[in-house]
Amino acid sequence: VQLVESGGGSVQSGGSLRLSCAASLVSYSSRCMGWFRQAPGKEREGVAGIDRDGTTSYPDSVKGRFTITRDNAKNTLLLQMDSLKPEDTAMYYCAATRRGPEDCRGPSLRSGSYNYWGQGTQVTVFS
């Protein structure tokens with residue numbers, strides 16, 4: 001199992017970035033996927049989740065600015081981030097559940113729902 005994030009970088013406030021996660025997973029389309037972030041000294045926070053049917057969820061802090069999508073043909077997960085703010089600065093991680101039907105019951109934002117994690121990609125937003 002391997003999840004590899006890319007697309008991070010430094011951007012001015014108000015700008016956009018698109019993160020990508022390449023997933024080496026059997027039965028990728030059967031799994032729930034998510035994006036999380038962690039800033040120094042803070043807890044890991046779910047910023048987007050998507051289930052096998054494409055249903056998505058977001059916390060209020062990013063709703064309307066972030067969009068999660070999945071390409072099951074390419075085993076890829078994307079996170080489009082628009083109108084970025086300095087408080088979005090963090091390491092961003094891709095996560096996946098196991099592939100059983102009981103493991104993906106909805107687009108969770110809880111880190112405990114996920115079993116596999118990438119190494120992260122840094123996003124820095126400067127004002």
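Just so it is clear, the structure is predicted and the values come from calculations on it, not from any experiment. Keep in mind that the numbers below use all heavy atoms, side chains included, and drop hydrogens, waters and symmetry copies.
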Separation between OG1 (T69) and CG (N72), nearest 0.5 Å, reads 10.5 Å
I need the M91 CE to K42 NZ distance, nearest 0.5 Å.
15.5 Å
Is E102 atom CD crowded by more than 12 heavy atoms from other residues, nucleotides or ligands, each under 6.0 Å away?
yes
Measure across S27 and R99 and return the closest heavy-atom pair with its distance rounded to 0.1 Å.
OG-NH1, 3.5 Å
Closest heavy-atom pair and its distance - P101, R105
O-CG, 4.1 Å
Is the Lys NZ or Arg CZ of R70 less than 6.0 Å from the centre of Y28's six-membered ring, within 45° of the axis?
yes
Could you tell me the separation between the OG atom of S61 and the CD atom of E87, rounded to the nearest 0.5 Å?
9.0 Å
Identify the heavy atoms of L3 and A96 that sit nearest to each other, and give their distance.
CD1-N, 3.9 Å
Y116 side chain reached by T97 side chain, heavy atoms, under 4.5 Å
no
Does any part of the side chain of M81, heavy atoms only, come nearer than 4.5 Å to the side chain of T67, both counted from C-beta?
no
Does the pair D88 and K85 meet the rule for a salt bridge (charged side-chain N to carboxylate O under 4.0 Å, His left out), with working shown?
CA-CA 5 Å; D88 294 319; K85 305 175 182 180; over 6 Å; no
Kindly indicate whether the side chain of F126, heavy atoms from C-beta on, has any atom under 4.5 Å from the side chain of P86.
no
Can you give me the closest heavy-atom contact between C104 and S30, atom names plus distance?
CB-O, 3.9 Å
Short question: side chain of R98, backbone of D103 - any donor-acceptor pair under 3.5 Å?
no
Flag side-chain contact, heavy atom, 4.5 Å: L109 against P59
yes
Any donor and acceptor pair, going by atom type alone, linking the side chain of R31 with main-chain N or O of V26 inside 3.5 Å?
yes
Mark yes or no for whether T121, through its side chain, and G8, through its backbone, hold a donor-acceptor pair below 3.5 Å.
yes
Test applied, side-chain contact (heavy atoms from CB on, under 4.5 Å); reference residue, I68; option that passes from L19, V47, I50, L78:
I50
Hydrophobic cluster identity match, Y92 and V11, side-chain contacts under 4.5 Å
yes
Can you tell me if S16 and D82 form a side-chain donor-acceptor pair at under 3.5 Å?
yes
When clusters are formed by joining ILVMFWY residues with side-chain heavy atoms under 4.5 Å apart, either directly or through shared neighbours, do L79 and V62 land in the same one?
yes
Give the minimum heavy-atom separation between T76 and S20, together with the two atoms involved.
CG2-OG, 3.6 Å
Check against side chain to side chain contact (heavy atoms under 4.5 Å, CB included), V123 and L17:
CA-CA 9 Å; V123 171; L17 283 174; 3.9 Å; yes
Is a side-chain donor or acceptor of D71 paired with a backbone partner of A73 at a separation under 3.5 angstrom?
yes
Less than 4.5 Å apart, side chain to side chain, heavy atoms only: is that true for P107 and M33?
no
Is it the case that one hydrophobic cluster holds both W35 and L25, taking links as side-chain heavy atoms less than 4.5 Å apart, direct or via other members?
yes
For Y93, is the NZ or CZ atom of R37 found under 6.0 angstrom from the centre of its six-membered ring and inside 45 degrees of the ring axis?
no
Stepwise side chain to side chain contact (heavy atoms under 4.5 Å, CB included) test for F66 and L84:
CA-CA 9 Å; F66 289 12; L84 283 162; 3.8 Å; yes
Taking the side chain from E5 and the backbone from Q119, do they hold a donor-acceptor pair closer than 3.5 Å?
yes
Test side chain to side chain contact (heavy atoms under 4.5 Å, CB included) on Q12 and S127 and set out the steps.
CA-CA 6 Å; Q12 194 168 19; S127 57; over 6 Å; no
Got a second to check how far S111's OG is from E43's CD, nearest 0.5 Å?
8.5 Å
Could you state the interatomic distance from CZ (R18) to OG (S6), rounded to the nearest 0.5 Å?
9.0 Å
Kindly state whether the ring of F36 and the ring of W117 have centres lying under 6.0 angstrom apart.
yes
Taking C-beta and beyond as the side chain, do C32 and R52 meet within less than 4.5 Å on heavy atoms?
no
